[in-house]
Each structure stands twice: as structure tokens, then as C-alpha cells.
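See structure below.
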Amino acid sequence: MLCCDEKSQCQALERTQRGLPLKKGYSRTQTHDYIRHGTITLFAALSYLEGKIISRTEESHTHLEWLRFLKQIDRETPKELDLHLIVDNYATHKHPVVQHWLSRHPRFHTHFTPTSSSWLNLVERFFGELTSEVVREGSFQSLRHLVRAIEFYLVARNANPKKYVWRASGLEILEKIKRAREALAAADVIST
């Protein structure tokens with residue numbers, strides 16, 4: 001099972017001044033002004049069982065880049081395995097060209113998360129860590145420097161993979177959703 005998605009708009013921001021490091025009594029600092037050097041899209045497939053990541057960076061995220069990523073997954077996984085891909089409802093994942101390719105590769109089985117529920121896909125947890133540990137914290141002089149930093153992080157992470165585990169049961173999550181819906185409904189009644 002592979003939890004797949006793309007993280008678009010990874011910005012290569014170069015801070016105009018170096019931040020001060022964290023030390024006793026002081027928070028780490030970071031300047032608010034920066035120079036933009038462009039963006040990339042990171043495609044990632046998180047192996048649910050192992051915690052390893054298959055990844056690819058691209059300049060954009062159309063169905064063509066998604067298809068290139070699917071072909072990479074096909075090359076980098078054992079041929080005898082059926083692959084179950086957890087993906088969101090983004091139109092790129094359902095494009096006719098992609099669907100045609102998938103129909104010719106029966107070992108691929110796509111499972112779509114419900115609309116507005118991409119948080120269910122564990123690869124989003126990985127994207128959160130990547131953002132906080134690499135993208136947001138860094139200062140990059142070019143897109144190439146950003147890509148290198150992401151690749152370095154992925155090599156280190158895959159050398160010692162981290163498996164994500166849900167801490168709440170399915171019933172607990174559904175109960176929280178039910179309470180949230182009830183609260184929203186009550187708030188809507190009050191506001192009208």
C-alpha cells in the first residue's frame with residue numbers, strides 16, 4: 001500500500017539575513033524578508049508498511065507529471081506486487097490519460113480519499129515534517145539548492161524509515177467528526 005500525493009508550491013526562499021540559532025533563553029530567529037527563486041512540486045509515495053518514500057520533483061503538477069511518477073513507482077517496486085495507491089480526488093489523478101495508463105497496468109489499484117479528507121492519507125504527515133524540517137527552515141539560493149536539500153533529507157529518512165501509526169481508532173475519529181458536525185450545525189442555527 002502506497003500513500004501518494006504531490007506537494008506543490010515548495011518555494012525556494014532565500015532569507016536576506018541569516019537567522020540566529022536557538023540557545024538558552026532565546027528562540028531561533030528567522031527574517032521575514034526573502035528573495036523568491038521559484039517553486040517545485042514534490043511527488044511522494046509513502047510505503048505504509050515500511051515507511052520508505054519514493055519521490056520525484058517536477059516543475060509543475062499536471063497529469064503528465066503524475067503519469068511520470070506512476071511510471072517511476074512501477075520501475076522501483078517489485079513487479080510481482082499489486083500496488084494499492086491511496087490518493088485524493090485531485091483531477092490530475094483521474095485524468096483520462098492517467099486512467100488509460102492504469103487500465104493497461106492492472107497491478108495498480110487506486111483508492112480515493114473522500115472529498116476534503118486528504119488528511120486521511122498518511123503521506124500528508126510526511127509532507128508536514130518535510131515542510132517544518134527542510135522547506136520552511138531553509139534558505140535556498142536556487143531551486144537546485146532546494147531540490148538537493150529535499151533529496152538529502154529523503155536519503156537520510158529512507159536509510160532509517162519511520163512508519164506512521166494512527167493513534168486514534170477509527171471509531172474515535174468518527175465520533176470526533178460527528179461532534180464537529182453537530183457543533184457546526186448548532187453554530188449555523190445560532191447565526192441564522
Side-chain angles (χ1 to χ4, degrees), residues 1-14 34-79 81-138 140-158 161-162 164:
M1 181 179 299
L2 298 174
C3 302
C4 304
D5 205 357
E6 58 276 328
K7 178 170 179 49
S8 60
Q9 302 295 317
C10 295
Q11 295 189 66
L13 302 178
E14 181 180 2
Y34 49 81
I35 301 165
R36 294 176 192 247
H37 293 293
T39 62
I40 55 123
T41 296
L42 173 67
F43 291 85
L46 169 69
S47 169
Y48 173 73
L49 293 177
E50 298 175 317
K52 289 190 176 184
I53 305 279
I54 298 171
S55 66
R56 176 183 197 88
T57 55
E58 294 276 0
E59 291 184 15
S60 60
H61 59 287
T62 68
H63 69 281
L64 297 174
E65 289 83 12
W66 177 246
L67 190 55
R68 278 198 289 268
F69 184 54
L70 289 176
K71 291 175 182 178
Q72 178 181 346
I73 291 171
D74 193 33
R75 287 189 307 273
E76 293 185 16
T77 55
K79 298 292 181 213
L81 293 180
D82 274 2
L83 301 174
H84 291 266
L85 308 182
I86 308 299
V87 296
D88 60 21
N89 283 296
Y90 188 51
T92 298
H93 303 152
K94 296 180 174 184
H95 192 279
V97 172
V98 172
Q99 293 302 311
H100 179 70
W101 186 87
L102 288 169
S103 72
R104 292 189 348 258
H105 294 81
R107 77 185 192 117
F108 281 79
H109 307 277
T110 53
H111 306 277
F112 297 97
T113 59
T115 302
S116 302
S117 299
S118 61
W119 59 271
L120 289 169
N121 194 339
L122 286 178
V123 75
E124 297 295 341
R125 182 68 190 108
F126 161 72
F127 286 150
E129 286 182 4
L130 176 76
T131 298
S132 66
E133 295 176 22
V134 179
V135 179
R136 189 179 306 132
E137 298 298 318
F140 309 100
Q141 298 170 345
S142 68
L143 276 178
R144 189 179 76 234
H145 286 105
L146 171 60
V147 170
R148 276 194 205 145
I150 291 171
E151 289 172 348
F152 181 78
Y153 178 80
L154 286 166
V155 166
R157 191 188 184 289
N158 280 339
K162 176 182 176 181
Y164 297 108

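- From C4, atom SG reaches atom CG of L122 across 11.5 Å, with rounding to the nearest 0.5 Å.
- Counting heavy atoms from C-beta outward, Q99 and P96 have side chains that stay 4.5 Å or more apart.
- Of all non-hydrogen atoms in L130 and Y153, the two that sit nearest each other are CD1-CD2, 3.4 Å.
- Under the 3.5 Å distance criterion, the side-chain polar atoms of N121 are left unmatched by any main-chain donor or acceptor of T113.
- Side chains of Y164 and E124: a donor-acceptor N/O pair is absent below 3.5 angstrom, by distance only.
- Judged by distance alone, with hydrogens and angles left aside, the side-chain atoms of Q72 form a donor-acceptor pair with the main-chain N or O of S55 at under 3.5 Å.
- Using a 4.0 Å cut-off between a side-chain N of Lys or Arg and a carboxylate O of Asp or Glu, R148 and E151 do not qualify as a salt bridge.
- For F43, the ring pair (Phe, Tyr, Trp, His ring centres under 6.0 Å) test picks out F69, with sequence neighbours left out.
- Between atom NZ of residue K94 and atom CG of residue N89 there is a gap of 4.0 Å, rounded to the nearest 0.5 Å.
- Here the side chains of L46 and F127 are not in contact, with every heavy-atom distance at 4.5 Å or above.
- For Y48, the OH atom counts as loosely surrounded, since its 6.0 Å shell holds 12 or fewer non-hydrogen atoms of other residues, nucleotides or ligands.
- Of the inter-residue distances, the one linking T110 atom OG1 with L83 atom CG reads 11.5 Å to the nearest 0.5 angstrom.
- In terms of the ring pair (Phe, Tyr, Trp, His ring centres under 6.0 Å) criterion, residue partners of H61 (sequence neighbours excluded) are, by chain and number, Y90.
- Residue E6 holds its CD atom at 13.5 Å from OG1 of T57, rounded to the nearest 0.5 Å.
- The existence of a salt bridge linking R56 and E65 is excluded, since no basic side-chain nitrogen approaches an acidic carboxylate oxygen closer than 4.0 Å.
- Taking both residues in full, the closest heavy atoms of H37 and L143 are given as O-CG, 3.4 Å, listed atom of the first, atom of the second, then distance.
- Distance check, rounded to the nearest 0.5 Å: CD1 of I150 to SG of C10 gives 5.0 Å.
- With contacts defined as side-chain heavy-atom distances shorter than 4.5 Å, the pair H109/L85 does not qualify.
- Atom CD of E76 is surrounded by more than 12 heavy atoms from other residues, nucleotides or ligands within 6.0 Å.
- Scored by the ring pair (Phe, Tyr, Trp, His ring centres under 6.0 Å) test, H111 finds H84 as partners (sequence neighbours excluded).
- A pairwise comparison of heavy atoms in V134 and A149 identifies CG1-CB, 3.9 Å as the closest pair.
- Proximity of the aromatic rings of W66 and H93 is defined here by a centroid distance below 6.0 angstrom, and this criterion is met.
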For this session: Mind running side chain to side chain contact (heavy atoms under 4.5 Å, CB included) on L49 and M1 for me, showing each step along the way?
Result: CA-CA 7 Å; L49 293 177; M1 181 179 299; 6.0 Å; no

For this session: Please assess K71 against R68 for the test side chain to side chain contact (heavy atoms under 4.5 Å, CB included), listing each intermediate value before the final yes or no.
Result: CA-CA 5 Å; K71 291 175 182 178; R68 278 198 289 268; 5.6 Å; no

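- With contacts defined as side-chain heavy-atom distances shorter than 4.5 Å, the pair L2/I86 does not qualify.
- Under a 3.5 Å cut-off, the side chain of H95 and the backbone N or O of V97 do form a donor-acceptor pair.
- A distance of 7.0 Å separates CD in Q11 from OG1 in T39, rounded to the nearest 0.5 Å.
- When every heavy atom of L42 is checked against every heavy atom of F126, the shortest pair comes out as CD2-CE2, 4.3 Å.
- A distance-only check finds no donor-acceptor pair linking the side chain of R157 to the backbone of K52 [under 3.5 Å].
- The two residues H105 and D74 make their nearest non-hydrogen contact at CD2-OD2, 3.9 Å.
- A donor-acceptor pair shorter than 3.5 Å can be found between the side chains of K7 and T131.
- In this structure, the side chain of D5 does not engage the main chain of D88 through any donor-acceptor pair within 3.5 Å.
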